2 protein chains.
Amino acid sequence: MPSLTEQIETWLKEQLIRSRENILEIKRGELAQEFDCVPSQVNYVLETRFTVERGYLVQSRRGGRGYIRIIKLEMDLPERLRHLRDSIGPSISQGRAEGILLHLAEEGLLNRREKRVLQAAISRDNLKVDLPLRDMIRARLLKAMLLALLGE
Amino acid sequence: MPSLTEQIETWLKEQLIRSRENILEIKRGELAQEFDCVPSQVNYVLETRFTVERGYLVQSRRGGRGYIRIIKLEMDLPERLRHLRDSIGPSISQGRAEGILLHLAEEGLLNRREKRVLQAAISRDNLKVDLPLRDMIRARLLKAMLLALLGE
DNA sequence: TAGATAAAGGTCAGGAAAGGTCAAAGACCA
DNA sequence: TGGTCTTTGACCTTTCCTGACCTTTATCTA
């Protein structure tokens, strides 16, 4: 049985696909009711699963007629690579790096094998270097590998 | 009377066979209860009996709805990986690493894209770390990436 | 139209539910 | 009796979920 978080994540992504659009608008309260949980659970899902690294933008408005809007980002490859390079920067945590991989994989830019390889290369367990340096090596490797893979 | 470790090992392997699949998912806590032992005993069994050496891959996740997943590798792979691991050793030069990649590519175990990624990851220009350490990181990464790639 | 009220969504800390690590004690065997 | 393999338990980290309390926005009403 998948966790609540996973169920909500899946549901939202399905809605996005089913609607054939890149925008989905929901009511936090209604969604929470649907899944029989507290509203802040929805925030948790959004914060952990719909981040920019993973290719989503979340906007919202409070008050009467409030809403939460989830936008799936789409860019062409060259733009994407530039953007990736910038967002990786000189140093990157494992968590953020994994978000990027997930995102690329979901878009079909990385197949399962490739994702696994990259994943292995950025894992702290494999890098085994102390912290400020580790995140810097990871950033360099990730950028180089993505360039090798995506940038003909 | 076989040791606890052996009992658990046997039980897990039986489950793997019985399920007719190469993947088995368990809860550490439940298993420990079943065998009336501390949970960390399960880790010990996994560490000593379900290693890559012996043809297994173990994945896990913590937190709510956590799990431990044991994956049985294809028949001839463990042998292959053992050999690779030995030939890489604890430290490897860029030249020798490239030789290995070339060899694997020739054998068709690596396609062009994959080779490019690995190549990028082991390049001294991307690692950018001073020398004794660089070759050690390269060795760890190469082994981990190949394992990720070949260990379905 | 200013202020009250209702109707959203946001934040954050805490607790629960996993699994991980490590060192020390115990058991077994050569 | 020394060394290796097992077993245990204390403590740690990660992930998920909840609830109390806060802020923002729209709408209604005097």
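In the text below, chain A, chain B and the rest are named by the order of the sequence lines, each starting its count at 1. Here the structure is a predicted model, which is why all the values come from computation and not from measurement.
One atom, CD of B/Q59, and another, C1' of C/dG20, lie 16 Å apart when rounded to the nearest Å. When the C1' atom of C/dG19 is taken as reference, atom CG of A/D125 falls 14 Å away, rounded to whole Å. Here C/dT21 presents its C1' atom at 13 Å from CD1 of B/I68, a figure rounded to the nearest Å. Rounded to whole Å, the distance from OH on A/Y67 to C1' on C/dA7 is 15 Å. We find that CG of A/L31 is positioned 14 Å from P of C/dA8, with the value rounded to whole Å. Taking atom CG on B/L46 and atom C1' on C/dT21, their separation rounds to 14 Å, with Å as the unit.
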**OP:** Do nucleotides 23-30 of chain C as a string where each nucleotide becomes B, S or -: B if the base has a protein heavy atom under 4.0 Å, S if just the sugar-phosphate does, - if no protein is that close.
**Re:** --------
Original post:
In B/S/- notation, 5' to 3', how is nucleotides 4-20 of chain D contacted by protein heavy atoms closer than 4.0 Å?
Top reply: -SBBBB---BBBBBBB-
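B/R96 pairs by the side chain to side chain donor-acceptor pair (under 3.5 Å) definition with nothing, not counting sequence neighbours.
A/I92 has its side chain out of reach of A/D135: every pair of non-hydrogen atoms, C-beta onward, lies at least 4.5 Å apart. A heavy-atom distance below 4.5 Å is found between the side chains of A/R138 and A/R124.
Residue A/K27 has a polar side-chain atom (N or O) positioned under 4.0 Å from OP1 or OP2 of C/dA8.
Within a 6.0 Å radius of CD in A/E107, more than 12 heavy atoms belonging to other residues, nucleotides or ligands are found.
Classification of A/R113 and B/E114 as a salt-bridged pair holds, one side-chain N sitting under 4.0 Å from a carboxylate O. For B/R61 and A/E6, the salt-bridge test passes: some basic side-chain N is under 4.0 Å from an acidic carboxylate O. Under the 4.0 Å criterion applied to side-chain N and carboxylate O atoms, B/E53 and B/R85 are assigned as salt-bridge partners.
Both cation-pi conditions hold for A/K13 and A/F50: the charged atom is under 6.0 angstrom from the six-membered ring centre and inside a 45 degree cone around its axis.
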